[in-house]
2 protein chains.
Amino acid sequence: MKSTEKIKILLVDDHQLIREGIASMLGDCNDIEIIGSVPSGEEAINAVRMNRPDVILMDIMMGGMTGIEATRWIKGDDPDIKVILVTMEISKEYVSAGITSGVNGYLPKDSDKKTLIDAIYAVQNGGHFFNDAIMKLVFEDFYSREKLKNVPSKLPHELTKREYEILRQVASSKSNKEVAESLFISIKTVETHKTHILEKLGLKNTTELVKYAIKNKIIAVDSL
Amino acid sequence: MKSTEKIKILLVDDHQLIREGIASMLGDCNDIEIIGSVPSGEEAINAVRMNRPDVILMDIMMGGMTGIEATRWIKGDDPDIKVILVTMEISKEYVSAGITSGVNGYLPKDSDKKTLIDAIYAVQNGGHFFNDAIMKLVFEDFYSREKLKNVPSKLPHELTKREYEILRQVASSKSNKEVAESLFISIKTVETHKTHILEKLGLKNTTELVKYAIKNKIIAVDSL
DNA sequence: TTAAAAATCAGGATTTCCCCTGAGGCTTGC
DNA sequence: GCAAGCCTCAGGGGAAATCCTGATTTTTAA
C-alpha cells in the first residue's frame, strides 16, 4: 500500500450506536477512511464485493451470521482483507475459533481510541493484535488444561442413570431405534425416557437435547 | 492461615548470590519469613520434610535435579505447598512442563520486588502467578498453532448463503415448519435445502447438523 | 413396611422428518 | 445465448419422532 493511500475500513455490527461510536473514534484520523457501515455479516459479504476494504471491524455476535462465519466467508474470497473482531465479552471458544478462521485481531468493545488505532495499524502491516485480556484468557485456558488433566466431572443428578445413558446416545445422533437396539430395550421405552428427559430439562426437542449435552460436556463436539 | 502467621518461604537455587538477593528483597516484608535456603532440588525435598514451607521459590535449571522434577516430588508429598519457579530465560517448553507438574507461579529472575511479593501472595491465596511475558509466550504459541490449522483446510464455500441461513435456523432448534414461516417460504423448500445441506456436509440427520453448526461456530452453544 | 420413584412396555393418533423425482424462474459467467 | 448454479415448490411415501393414556415390575427411600 502506498503511504499516501488511506486505510479503508468497513464496520460491521448490528447496533448502529456501536458503529457510529467507532466511526467517531476514527473520525479525526487522517490515515483511516471508513468506506462502509453495515448491520450484518450477510451485508458485510456483499459490501466487501462492492468496495474492497483493507480492514474490517466486526462484531462477533450478530443477529444472523456470526462474525466468525462471516470472516470465514470473506477470507475465502480474499485472504488479504484483515479482520478484527470486536466483542462485548471475550470467551475462549470464540477467540480460538476466530484465530482458526483467520481473524487478525480481537478487541473488546470497551477499548480506547489508541488501542483501536494500534490494532488497525498492526493488522494492516501484516501483524496481529490481541489485547492483554485475550492473551490472559488463552493462557488461563492453557493453564487449566495442563493442570487439570484427570478431574472426574461431576454433574447434578437431575436425570436418572438410565435417562443419562439415553441422553448420551441420542445426542450422539442415534435414532430411537438404534438406542433401543443398543440397550436391548423397546423403542417405546426409549421414547418414554426421552419424554421424561425433555420434561425434566425443560427442552423442546432432540436438537435442544444435543445442545444441552454439548454444553454440559456429556458428549464432545469433535465427535464428528 | 491465620493472619498473624507469616508466610514461610523456602529458597532453592544453586547460586548463593541469587538466594541472598531474593532474601534481601523480602527482608523488610513483615508478613514473609524465610525459613530455609538450599542449593539443590534434593536438599529442597529434605528441607520440606524437616520444616514445611508455605511457598517455595525455586530455580528451574540447577546442578542435579531440575526445579520441575523437584516440584513433582514435593507436590507428591504435599500438594498444598505452593511452588514458584524462577528462571533466567523463559521458554515455552518449560512453562508448559512446569504447569503440568503443578507449579503455581513462574517468574523471570529480573522481576522487581513488587512483582515477587505479588506472586507470593497470589499463590499463597490459592491463585497462580505468571507474568505478562509468559502469558504472551503461551499465547503466541497458541496463535501459531491455531493459525496453522487453517492453512491446509482452505475450504471453499460448501454451502450457499440460503443454505447457511437454513442451517443456522435448524440448528437453533427450529422445526422445518418454523423455519419456513420465518423465511416466508414453503416447508418443501426448507426440506430441499436441508437435504442438500446434509448431502454436502456428509451428515446423517438434524442432530449431526446441530453438532456441525456448533463445531463450526455457526451457532453458539450457550443459546439455551 | 410402605410409598415413591424408576424402568419397562403397548396401543393408537398425529406430526414431523427424510428422501425421491420433477420442474419453473432467476441470476451469473463464458 | 446458454449452461450452470441457485432458489423455489410439489406430490408422494416410508420412516421416525412426538404425544397421549395406561400398565407392570423392580428399586429406592422414608
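Residue numbers start from 1 in every chain, and the chains themselves are labelled A, B, ... in the order their sequence lines are given, proteins ahead of strands.
With dA7(C), dC18(C), dT18(D) as the choices, the nucleotide that has an atom nearest any side-chain atom of N205(A) turns out to be dT18(D). Nearest to the side-chain atoms of T160(B) among the listed nucleotides dA16(D), dC6(D), dT18(D) stands dC6(D). With dT16(C), dC7(D), dT8(C) as the candidates, the nucleotide lying closest to the side chain of K177(B) is dT16(C).
A perpendicular orientation is assigned to the rings of W73(A) and Y164(B), their planes being inclined by more than 60° (bins at 30° and 60°). Using the six-membered ring where Trp is involved, H193(B) and H196(B) have ring planes that are perpendicular, over 60° apart on the 30 and 60° scheme.
Counting non-hydrogen atoms under 4.0 angstrom, T192(A) reaches a base of the nucleic acid.
If you check the side chains of K75(A) and N104(A), you find a donor sitting under 3.5 Å from an acceptor. Side-chain contact, D112(A) with T115(A): a donor N or O sits under 3.5 Å from an acceptor N or O.
OP1 or OP2 of dT8(D) sits under 4.0 Å from a side-chain N or O of H193(B). Residue N176(B) has no polar side-chain atom (N or O) positioned under 4.0 Å from OP1 or OP2 of dT16(C). Distances shorter than 4.0 Å separate none of the side-chain N or O atoms of T195(A) from OP1 or OP2 on dT18(D).
Here the C1' atom of nucleotide dT8(C) and the NZ atom of K194(A) are 18 Å apart, to the nearest Å. Counting to the nearest Å, the C1' atom of dG5(D) and the CD atom of E199(B) are 15 Å from each other. In this structure, E191(B) atom CD and dA17(D) atom P are separated by 16 Å, rounded to whole Å. Rounded to whole Å, atom C1' of dT18(D) lies 15 Å from atom CG of L203(A). Here dC17(C) presents its P atom at 17 Å from NZ of K204(B), a figure rounded to the nearest Å. Protein atom NE2 of H196(B) is 11 Å distant from nucleotide atom C1' of dC19(C), rounded to whole Å. Between the NZ atom of K161(B) and the P atom of dC6(D) there is a distance of 13 Å, given to the nearest Å. Y164(B) places its OH atom 13 Å from the P atom of dC6(D), with the value rounded to the nearest Å.
In this structure, D54(B) contributes its side chain and K8(B) its backbone to a donor-acceptor pair below 3.5 Å.
Within residues 181-189 of chain B, the residues that have a heavy atom under 4.0 Å from DNA chain D are, in order of number, I185(B), S186(B), K188(B), T189(B).
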Using the side chain to side chain donor-acceptor pair (under 3.5 Å) rule, take N205(A) and K174(B) through it: C-alpha gap first, then chi angles, then the decisive distance, then the call.
-> CA-CA 9 Å; N205(A) 52 31; K174(B) 284 189 180 176; over 6 Å; no
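Considering only heavy atoms from C-beta on, F139(B) stays 4.5 Å or farther from K136(A) through its side chain.
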